[in-house]
Amino acid sequence: MIMSCCAMVLPAVVRHDRWMTIIKINAIRVPRESGDELAHRFAARAGAVDDADGFQGYELLKPTDDRDQWLVITRWRDEESFRAWLGSESFTQGHRSAAERQGGTTPKPVASHSEVWSYVVAGGSDFLLDRLPG
């Protein structure tokens with residue numbers, strides 16, 4: 001009985017949260033020879049944003065064609081949560097290299113350009129929701 005009750009409520013909660021999520025996409029131009037270094041730098045600071053209030057997750061997307069633009073997709077509960085993180089010490093520390101955090105010098109940037117795009121979900125598939133038990 002508990003399973004069927006939760007299965008009826010969970011999709012509504014997930015759908016509500018999904019529609020309310022703010023999506024920030026940082027489009028980063030990275031020369032082909034620097035892509036592995038960008039991925040390495042992201043891996044080195046994995047978890048730096050995880051505890052930010054309102055943070056829901058992120059992905060680093062590597063191009064699979066001839067593009068030089070990588071995408072960092074982050075999801076936030078609301079715009080206020082994202083802005084609070086931008087102004088936080090966590091943001092500042094998370095964007096410093098491991099060498100800088102240990103008192104070393106700032107490494108050369110790997111990106112040649114970056115811009116942030118802002119979106120909300122306007123539609124889509126309920127692929128996973130349709131597969132919940134119940």
Side-chain angles (χ1 to χ4, degrees):
M1 183 62 148
I2 291 174
M3 177 60 117
S4 64
C5 173
C6 291
M8 291 185 306
V9 173
L10 184 59
V13 171
V14 172
R15 281 189 184 104
H16 173 73
D17 287 346
R18 186 177 116 188
W19 298 114
M20 300 306 292
T21 297
I22 300 296
I23 299 167
K24 298 294 182 176
I25 302 171
N26 190 357
I28 306 170
R29 292 222 180 272
V30 180
R32 191 172 323 275
E33 67 275 4
S34 298
D36 288 342
E37 178 61 20
L38 178 73
H40 172 75
R41 290 182 186 185
F42 265 84
R45 64 182 199 186
V49 68
D50 290 354
D51 293 330
D53 183 46
F55 177 72
Q56 298 175 341
Y58 93 95
E59 291 84 32
L60 173 64
L61 303 182
K62 174 182 177 177
T64 59
D65 54 21
D66 292 333
R67 297 170 210 256
D68 63 354
Q69 196 165 47
W70 289 56
L71 301 177
V72 182
I73 315 271
T74 60
R75 293 175 310 286
W76 298 86
R77 178 183 58 230
D78 51 39
E79 184 70 26
E80 293 75 24
S81 297
F82 174 72
R83 292 199 183 278
W85 175 69
L86 286 179
S88 72
E89 180 64 22
S90 175
F91 174 85
T92 302
Q93 289 298 321
H95 283 80
R96 294 177 69 207
S97 70
E100 289 174 289
R101 289 191 297 267
Q102 296 173 355
T105 59
T106 304
K108 180 181 173 188
V110 294
S112 62
H113 176 76
S114 173
E115 61 183 276
V116 176
W117 306 333
S118 187
Y119 291 84
V120 295
V121 176
S125 167
D126 285 336
F127 178 79
L128 293 176
L129 296 177
D130 292 340
R131 283 154 180 77
L132 290 172

Peer 1: Do you know which two heavy atoms are closest between Gln69 and Ala27, and how far apart they sit?
Peer 2: NE2-CB, 3.4 Å
Peer 1: Could you list the residues that satisfy side chain to side chain contact (heavy atoms under 4.5 Å, CB included) with Asp68, not counting sequence neighbours?
Peer 2: Arg29
Peer 1: Could you work out, with salt bridge (charged side-chain N to carboxylate O under 4.0 Å, His left out) as the rule, every residue matching Asp50, not counting sequence neighbours?
Peer 2: none
Peer 1: Suppose the criterion is ring-ring contact (aromatic ring centres under 6.0 Å, His included): which pairs have a residue in residues 45-65, not counting sequence neighbours?
Peer 2: Phe55-Trp76
Peer 1: Say you draw a straight line from OG1 of Thr74 to CD of Glu59; how long is it, rounded to the nearest 0.5 Å?
Peer 2: 9.0 Å
Peer 1: List for me each residue that meets side chain to side chain contact (heavy atoms under 4.5 Å, CB included) alongside Ile23, sequence neighbours excluded, and say none if there are none.
Peer 2: Thr21, Ile25, Ile73, Arg75, Tyr119, Val121
Peer 1: Over all heavy atoms of both residues, which pair between Ala111 and Ile28 is shortest? Give the atoms and the distance, please.
Peer 2: CB-CG2, 3.2 Å
Peer 1: Got a second to check how far Asn26's CG is from Leu61's CG, nearest 0.5 Å?
Peer 2: 11.5 Å
Peer 1: Counting only heavy atoms from other residues, nucleotides and ligands, does the tally under 6.0 Å from CG of Asp65 exceed 12?
Peer 2: yes
Peer 1: Among all residues two or more places apart in sequence or in another chain, which pass the side-chain hydrogen bond (donor to acceptor under 3.5 Å, both in side chains) test with Asp36?
Peer 2: none
Peer 1: Ignoring hydrogens and angles, tell me if any N or O in the side chain of Ser90 forms a donor-acceptor pair with the backbone of Ala48 under 3.5 Å.
Peer 2: yes
Peer 1: Hey, does Trp85 have a side-chain heavy atom less than 4.5 Å from the side chain of Val49?
Peer 2: yes
Peer 1: Quick one: CH2 on Trp70 to CG on Leu38, what's the gap to the nearest 0.5 Å?
Peer 2: 5.5 Å
Peer 1: Would you name the heavy atoms of Gly35 and Val30 that are closest together and state the gap between them?
Peer 2: N-CG1, 3.7 Å
Peer 1: Salt bridge (charged side-chain N to carboxylate O under 4.0 Å, His left out) with Glu79: which residues, sequence neighbours excluded?
Peer 2: Lys24, Arg83
Peer 1: What is the minimum heavy-atom distance between Leu60 and Ala39, and which atoms define it?
Peer 2: CD2-CA, 4.0 Å
